[in-house]
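Below is one structure, written out as structure tokens, with a few remarks after it.
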Amino acid sequence: MGAFFSVASTKSDKRERDGVSPNEACKRQRMSPTVDEESPRLIPNLPDELSLQIIARLPRICYLNVRMVSKKWKSTIMSLELYKLRKELGTTEEWLYLLIKVGENNLVWHALDPRSKIWQRVPNMPNFADEEEPRKGSSRLWMWNMVEGIRIAEVIRGFLGRKDAFDEMPYCGCAIGAVDGCLYVLGGFSKASTMRCVWRFDPIQSTWSKVTPMSTGRAYSKTGILNNKLYVVGGVSQGHAGLVPLQSAEVFDPSTDTWSHVPSMPFSRAQVLPSAFLTDMLKPIATGLTSYMGRLCVPQSLYSWPFFVDVGGEIYDPDTNSWIEMPAGMGEGWPARQAGTKLSVVVDDELYAFDPSNAMDSGRIKVYDRGEDAWKVVIGKVPIYDSADSESPYLLAGFHGKLHVITKDANHDIAVLQAGLRNNLGYSPSLSTLSQSTLHESPELASESDAAVVWRVVACRDFGQAELVSCQVIDI
């Protein structure tokens with residue numbers, strides 16, 4: 001490398017003696033069509049194999065600038081070979097991809113590099129063409145005929161009185177997943193129809209592309225990853241009289257771009273209701289999904305708006321291709337976020353769930369103890385801001401081996417908070433309290449007692465009045 005810079009310096013001195021300024025020389029180089037031919041290697045005087053080793057060790061945030069060096073650098077940065085080498089070298093990086101709702105109708109993705117704390121805007125999701133004809137007749141009547149007991153009924157009632165509301169906000173109710181280094185957006189509503197379409201975002205190419213659609217149109221479905229495959233479970237679909245809950249599931253293999261059938265969820269607990277009336281009135285719905293210990297854990301509820309009853313859940317085992325009933329303590333104790341939806345994440349093989357309190361500015365984190373089949377409080381107070389008007393006032397994510405909470409802080413900025421836990425199962429609620437007013441005063445915040453939990457502000461940004469929708473972590 002030293003020889004390279006020495007050569008560059010000698011050439012610069014020669015240009016000055018010849019009466020050519022360095023700026024003029026750079027201008028001539030940029031205008032020359034043969035500059036790539038004069039420098040066929042990525043780095044002069046180095047074999048490309050060695051140059052690739054150097055580039056693979058650069059932080060990924062640098063790739064945005066170095067790809068502009070030349071066409072060859074750009075093609076290298078966008079090559080699969082580079083990211084395969086990064087995986088072999090152990091230099092891959094986990095980035096957080098955050099979906100927010102801006103205004104009333106616009107869904108926007110942003111990517112966060114947690115190490116540099118730099119946010120990047122992800123290209124907009126494409127405008128898709130309808131796969132199916134929308135239902136004929138009044139959209140208002142159709143929306144009032146929504147199956148009772150699903151929280152989306154409350155959301156959709158907010159659209160009443162607004163003409164073509166679903167046309168204005170595509171992807172409403174879509175599901176989100178990440179597998180094989182790519183981001184997936186599945187289904188949702190368009191023109192009051194549930195969609196089958198699936199879009200994939202490739203962070204390497206920074207482009208969206210359409211992949212094979214699901215077999216069934218779904219909205220508000222749940223996703224999980226097992227064996228590098230994307231599973232989609234439950235949700236609602238369009239029926240003759242409105243929306244109906246789905247018990248079906250399917251799995252997508254990104255290596256073959258194909259969907260395969262998965263046995264439907266039995267909802268065995270729903271079949272033991274004491275009367276046919278309750279069976280007809282209460283509709284079973286999947287309220288969460290987490291990939292845990294090599295299986296899909298799906299907590300479930302029975303709904304009849306505005307009431308819901310938790311009924312445990314079921315677990316899918318890919319080895320036997322079958323469902324079994326969830327352990328009683330796991331299912332019955334799984335904390336519910338709101339109207340039955342359940343927020344959870346696995347970090348370092350531990351299953352965590354958010355348990356909201358009656359107050360809108362607090363909540364707890366629980367961890368599942370497999371040995372005792374019980375949920376235990378691991379963090380007694382989570383610093384969330386009062387977000388009564390938000391559909392998703394907080395999200396959970398796991399990266400860098402730590403549990404993270406994404407929420408709005410006292411300044412209404414979106415903050416990514418990292419929880420440093422000293423021992424997963426050894427806390428009492430009194431050990432993890434945090435004053436929300438001090439959140440912006442220090443990047444590292446400890447509890448008031450013995451610092452059992454340390455909250456660190458990983459990143460913070462003002463997105464205006466944006467609301468949190470979903471998040472995924474991609475490691476490339």
Side-chain angles (χ1 to χ4, degrees), residues 80 83 92 94-101 107-112 120-131 169-190 194-237 246 248-262 286 288-291 296 298 316 318 343-346 392 395-399 406 468-476:
L80 294 178
Y83 295 90
T92 60
E94 292 178 311
W95 282 23
L96 176 70
Y97 287 78
L98 183 66
L99 180 62
I100 60 176
K101 185 173 75 170
L107 294 178
V108 179
W109 283 99
H110 287 269
L112 169 67
Q120 294 180 8
R121 171 73 179 267
V122 174
N124 290 335
M125 291 185 286
N127 292 324
F128 55 82
D130 291 343
E131 299 176 13
M169 187 178 175
Y171 301 103
C172 175
C174 63
I176 308 299
V179 62
D180 198 27
C182 291
L183 190 67
Y184 287 81
V185 177
L186 308 96
F189 290 108
S190 177
T194 50
M195 304 299 293
R196 300 169 52 234
C197 61
V198 180
W199 290 91
R200 174 172 59 200
F201 176 72
D202 185 344
I204 298 175
Q205 305 296 325
S206 192
T207 56
W208 291 92
S209 60
K210 201 171 187 178
V211 301
T212 302
M214 299 179 288
S215 63
T216 302
R218 300 173 188 266
Y220 293 94
S221 57
K222 310 300 178 183
T223 64
I225 308 300
L226 284 179
N227 304 321
N228 211 37
K229 295 180 180 180
L230 175 62
Y231 286 79
V232 182
V233 175
V236 296
S237 190
L246 293 172
S248 64
E250 48 191 314
V251 57
F252 178 74
D253 186 344
S255 64
T256 60
D257 190 26
T258 57
W259 288 91
S260 301
H261 172 72
V262 173
L289 190 155
T290 303
S291 302
L296 296 179
V298 185
Y316 172 75
L343 195 63
S344 57
V345 67
V346 173
S392 302
L395 301 170
L396 295 182
F399 54 90
I406 300 98
L468 297 168
V469 177
S470 184
C471 68
Q472 290 289 329
V473 175
I474 298 180
D475 184 16
I476 57 174

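Counting from 1, the numbers follow the sequence of the chain as shown.
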Working to the nearest 0.5 Å, report the span between [atom1] of [X] and [atom2] of [Y].
X: M195; Y: C174; atom1: CE; atom2: SG; value: 12.0 Å
X: K222; Y: L246; atom1: NZ; atom2: CG; value: 12.5 Å
X: T92; Y: Y83; atom1: OG1; atom2: OH; value: 11.5 Å
X: T290; Y: L396; atom1: OG1; atom2: CG; value: 9.5 Å

Checking side chain to side chain contact (heavy atoms under 4.5 Å, CB included) for the pair V251/Y231: CA distance, chi angles, key distance, verdict? CA-CA 4 Å; V251 57; Y231 286 79; 3.6 Å; yes

When you measure from the side chain of [X] to the backbone of [Y], do you find a donor-acceptor pair of N or O atoms at a distance under 3.5 Å?
X: W259; Y: T212; result: yes
X: R218; Y: G234; result: yes
X: Q472; Y: L183; result: no
X: S237; Y: G217; result: yes
X: R200; Y: S209; result: no
X: T223; Y: I176; result: yes

Side chains of [X] and [Y], heavy atoms from C-beta outward: is any pair under 4.5 Å?
X: W199; Y: M125; result: no
X: Y97; Y: P203; result: yes
X: L112; Y: L98; result: no
X: M214; Y: L186; result: yes
X: F252; Y: D257; result: yes

How close do [X] and [Y] get, heavy atom to heavy atom, and via which atoms?
X: T216; Y: R196; value: C-CG, 3.6 Å
X: D180; Y: N228; value: N-OD1, 3.6 Å
X: A397; Y: C471; value: CB-SG, 4.0 Å
X: K210; Y: C197; value: CE-CB, 4.1 Å
X: G181; Y: I474; value: O-CG2, 3.6 Å
X: Y171; Y: P126; value: OH-O, 2.6 Å

If the test is side-chain contact (heavy atoms from CB on, under 4.5 Å), which one of T258, N227, V179 qualifies with D253? T258

Tested for side-chain contact (heavy atoms from CB on, under 4.5 Å) against H110, the lone hit among I100, L96, L99, V122 is I100

Apply the test side chain to side chain contact (heavy atoms under 4.5 Å, CB included) to residues V185 and L107: give CA-CA distance (whole Å), side-chain angles for both, the deciding distance (0.1 Å), then the verdict. CA-CA 12 Å; V185 177; L107 294 178; over 6 Å; no

Go through it in stages, so that I can follow the logic: the residues are L230 and I225, the test is side chain to side chain contact (heavy atoms under 4.5 Å, CB included), and I'd like the CA-CA distance, side-chain angles, deciding distance and then a yes or no. CA-CA 5 Å; L230 175 62; I225 308 300; 3.4 Å; yes

Worked check of side chain to side chain contact (heavy atoms under 4.5 Å, CB included) between Y316 and S291: CA-CA 10 Å; Y316 172 75; S291 302; over 6 Å; no

